[in-house]
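Below: the structure, in structure tokens.
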Amino acid sequence: MLPGAPHVAYRDGLLFVEDCELNALAAEFGTPLYVYSQTAMLASLASYQRALAGRDHLICYAMKANSSLAVLQTFARAGCGFDIVSVGELERAIAAGGDTAKVMFSGVGKTRHEMRRALEVGVLCFNVESEAELDVLSQVAVQSGLTAKVSLRVNPDVDPRTHPYISTGLKGNKFGIAHERAVAAYLRAAALPGLEVTGIDFHIGSQITEAAPYLEALDRLLDLVEGVEAHGIALHHIDLGGGLGITYADEQPPSAEALLSALLERIDERGHSHRRILFEPGRSLVGNAGVLVSEVLYLKPSSVKNFCVVDAGMNDLIRPALYQAWMRIAACTLRDEPPVIWDVVGPVCESGDWLGRERPLAVKAGDCVAVLSAGAYGMSLASNYNSRGRAAEVMVSGADARLIRDREQPADLMHGEHLLD
Ligand SMILES: *Cc1c(COP(=O)(O)O)cnc(C)c1O
């Protein structure tokens, strides 16, 4: 077993995801290849479900972490709702068999068109991120003859102590309504036609590895709940967002069960047990379940640096380039040779195109390597830069491996383009 990837392990020197050997999958489906463990996804979900058992709750999988249809289907069948941030994600949730009555619509920049579609299909609730959005949502709801259920995303101004690009609950971030404006915003929401206030929400950031920022944000949220209800506005649900981190290197985030138990204990202590509890986890449900398999194309040793050029690049997995993220890279075949220190780089024409720096690996051209913990913010952030088709994806369950997305071909990439004449 490898750190942070409980369903990825070596057997007799070969790397497996569940009971599927990665070199064999690479030979069958080609590389670069995303491989997911369905068992790992469901095990992560079970950690949330255990803590919430016996309570009125809903887990809305934040699908921007990985929105491939078979992943969504896996969670829909397990009873999850979805946290979405665009109409495109809404259509994906529907296509995967998701229940629209369990869809939470988040995001700072919802368009009228997106609001209308979400109202038509009957989403659970809109997480509204500004007072201006309240006005527009009210207008769209009235025009559609429908009622929009709303919760306000409140910015609790706590520091989640994570990467600045993925912290969202600080005053300087674009997200949510400022804590001190929240009561006024609720009064406005309650007075507007076409809106029905149902809850309150926060989401403080991503890859959070401690419980303390959540508890701090929760306390501030509960203060507000009490403040809002003092004005006669009932809040039926509390949505505690997502953001729980995973192990990439040596991080030791609390388990979902441990974090939620601490949060629920605080909710009970403060007399809020009767409220419905929502969570919007993304990364923690899928991150450790996925690997990106890539073939070593060329070894380029030099006096200054050794480059291991692989066939997956920043267009397939941008986390290292975008966040300077460290992701474990493991050889798919263990060789009985001393490792050499390599910078593992992709084929894209950018010096920022690297997957890992200074990694000890014993590999030869033609070998496969796997980037671990690549199930979240991997495929969903993939692009076609350099006119590279996006990778294929495989879902593994035990010894069963299913192709869940074809590798993109050049014709797919040119679809919808027009020559001048
Ligand atoms: C991204 C996001 C999430 C999920 O974040 P993770 O860190 O992947 O758990 C949840 N809620 C909202 C509103 C988000 O934008």
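One-based numbering, in listed order, for ligands and for the atoms of each.
- Although no hydrogens or angles enter the test, the distance criterion places a donor-acceptor pair under 3.5 Å between the side chain of Glu251 and the main chain of Ala249.
- When all heavy atoms are compared, the tightest approach of Gly378 to Leu317 is CA-CD1, 3.7 Å.
- If you look at ligand 1, the protein residues with a non-hydrogen atom under 4.0 Å away are Ala62, Lys64, Asp83, Ser106, Arg153, His203, Ser206, Gly242, Gly243, Glu280, Pro281, Gly282, Arg283, Tyr377.
- Panel note: side chain Asn386, backbone Cys349; a donor-acceptor pair is recorded below 3.5 Å.
- The aromatic rings of Phe202 and Tyr214 lie tilted to each other, with the angle between the two planes from 30° to 60°.
- Asp250 places no side-chain N or O within 3.5 Å of a backbone atom of Gln252 that could act as its donor or acceptor partner.
- Between Met327 and Leu372, the shortest heavy-atom distance links the atoms CE-O, 3.6 Å.
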